[in-house]
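Report on one structure; see the data block that follows.
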Protein chains: 2
Amino acid sequence: MLTAMSLRQRKQQRAREQIVDAAFALFAERGFTDVTVADIAERAEVGRTTFFRYFGDKQEVVFSDEQRIIDDWTARYRALPHTADVPDAMVRLREFTVALCREMTADPAHYVLHETLLADNPELHDRSMRKLQRLVAAMSEELRGRGVPEPAATLAPQVALACYRTGRHTAGVDPAALPGAVDAAFEQLSEFTSGKAPFPP
Amino acid sequence: MLTAMSLRQRKQQRAREQIVDAAFALFAERGFTDVTVADIAERAEVGRTTFFRYFGDKQEVVFSDEQRIIDDWTARYRALPHTADVPDAMVRLREFTVALCREMTADPAHYVLHETLLADNPELHDRSMRKLQRLVAAMSEELRGRGVPEPAATLAPQVALACYRTGRHTAGVDPAALPGAVDAAFEQLSEFTSGKAPFPP
DNA sequence: TACTAACTGGTACTCAGTACCATAATGGAC
DNA sequence: GTCCATTATGGTACTGAGTACCAGTTAGTA
């Protein structure tokens, strides 16, 4: 499966990598907005038209990695053992989300550059959120399939996303701190309701 | 304060309204992408340049109302009585969010058109989320100022947003169902952790 | 009424994204 | 290896968003 790739496919993969490499190099130098698609195409030694054949728009190239990771983890979540118990689903979501954070920060330098681009360009941040929402939606779909009723099936992954966002905020720019911060956010979750007993003191 | 407005300001407000009205009329007819800024400017009887003087980009005009509501409610949240108790903050967030939903759906026809535009144009949906995140960030800031420690200060409004998104999903296109659905999502929240006793059976 | 400051809209530009086309390269059949 | 159908490539030309600039006009003020 590793070598089962035609010359055409290998060339395409190489072109794709050249585009991504060229793009990130230029983005690191000048930022997202000050790099044109023509610049990227030129450095990648492909035509401008070809760029748009590989990436629907200029933003997509920023997420070539993130998209792959999300697709990958969407499949992994679907492969998880089934359960219809809501608290149990939350525990699994917690583990899953923290593990995903670990993978996202596996290459710290790239993660920092990626996050820097998002921080400097609101429209990229938006796009990133859209991609995460796709993962969230896939998770909800899976939970529904497992018999989790609404609104829990929709809410649980949304809450997991809330914890991720919170962890990302508290961790700041430090990649190493992200998984722990996200886990802490999940921990905090229980204090929201548990502190409020059905029979107040 | 109502009539304390110069001729210049009145003219500007009128131009602004003309642009918004023209834009929504055209969007309702042809959708967001098939309407150009030149089309809007023409129908609003202003120059294309003037459009960009009032709205930073074509998307902004879609959110002229939403932005006003969010600014308004950001101020209202800041004016809420202070408390540093986390479960109490969640209860207040719940009431606040549901009330905000009621205002957002106060004009059902406009709400439906707005939601339809967001549903048909992912980039508009992204932009809407960005605006809500501003509200969420302002709330977190406020909670921090009230002495709520991290990560609760960041997490609580994020969870409220998760409930809003969930309610929006379960309510579907029905404006009247939104506040109730969002409230139900908050209710569901307590079941996430309360079902899991510290000492499993 | 005259002056100054601000608003207007037109022109011209850059760049993202799309449609189209001629050319070149690939992979398969023989 | 040769031929052919398929497919990728990159160039040209276009539309539309967004920006910079500028001359003309209009509101507020003395």
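Numbers restart at 1 for each chain; the letters A, B, ... are given by sequence-line order, proteins then strands. The model shown is predicted, which means the values in this text are computed figures rather than measured ones. Side chains included, hydrogens not; waters and symmetry mates left out as well; all remaining heavy atoms used.
With sequence neighbours excluded, no residue forms a ring-ring contact (aromatic ring centres under 6.0 Å, His included) with B:Tyr164. In this view, B:Tyr111 satisfies the ring-ring contact (aromatic ring centres under 6.0 Å, His included) rule with no residue, not counting sequence neighbours. A search for salt bridge (charged side-chain N to carboxylate O under 4.0 Å, His left out) contacts involving B:Asp107 returns nothing, not counting sequence neighbours. Contacts of A:His169 classified as ring-ring contact (aromatic ring centres under 6.0 Å, His included), with partners at least two apart in sequence or in another chain: none. When the salt bridge (charged side-chain N to carboxylate O under 4.0 Å, His left out) test is applied to A:Glu187, the partners found at least two apart in sequence or on another chain are A:Arg94. Listed by chain and number, the residues in a ring-ring contact (aromatic ring centres under 6.0 Å, His included) with A:Tyr54 amount to none (sequence neighbours excluded).
Annotation: proximity of residues 113-130 of chain A to DNA chain D (heavy atom, distance under 4.0 Å) is found for no residue. DNA chain D is contacted by A:Val46, A:Gly47, A:Arg48, A:Thr49, A:Thr50, A:Arg53, A:Tyr54 of residues 33-56 of chain A, taking any non-hydrogen atom closer than 4.0 Å.
We find that B:Glu17 and B:Arg14 are not joined by a salt bridge, their nearest charged nitrogen and carboxylate oxygen being 4.0 Å or further apart. The pair A:Asp72-A:Arg76 meets the salt-bridge criterion, with a side-chain N (NZ, NE, NH1 or NH2) lying under 4.0 Å from an Asp/Glu carboxylate O. A salt bridge links B:Arg127 with B:Glu60; the closest basic N to acidic carboxylate O contact falls under 4.0 Å. Look at B:Glu141 and B:Arg78 and you find no salt bridge, because none of the NZ, NE, NH1 or NH2 atoms lies under 4.0 Å from a carboxylate O. At a threshold of 4.0 Å, the pair B:Asp126-B:Arg130 does not count as salt-bridged, since none of the basic side-chain nitrogens sits closer than that to a carboxylate oxygen.
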- request: For nucleotides 25-30 of chain D, just jot down a letter per nucleotide in 5' to 3' order: B, S or -, based on protein non-hydrogen atoms under 4.0 Å.
  value: -BSS--
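Among residues at least two apart or in separate chains, salt bridge (Lys or Arg N to Asp or Glu O under 4.0 Å) pairs with a member in residues 43-53 of chain B are B:Glu29-B:Arg43.
With contacts defined as side-chain heavy-atom distances shorter than 4.5 Å, the pair A:Val173/A:Val112 does not qualify.
Look at NZ on A:Lys58: it is 13 Å from P on D:dG18, rounded to the nearest Å.
Figure legend: cation-pi geometry between A:Arg30 and A:Phe24 absent, as NZ or CZ is not positioned both under 6.0 Å from the six-membered ring centre and within 45° of its axis. Because its NZ or CZ atom is both nearer than 6.0 Å to the ring centre of A:Tyr77 and within 45° of the ring axis, A:Arg146 counts as a cation-pi partner of that residue.
The footprint of chain B on DNA chain C, defined by a heavy-atom cutoff below 4.0 Å, extends from C:dA6 to C:dA12.
Taking five base pairs at each end of the helix from C:dT1-D:dA30 to C:dC30-D:dG1, the local helix axes there meet at an angle of 10°, rounded to 10°.
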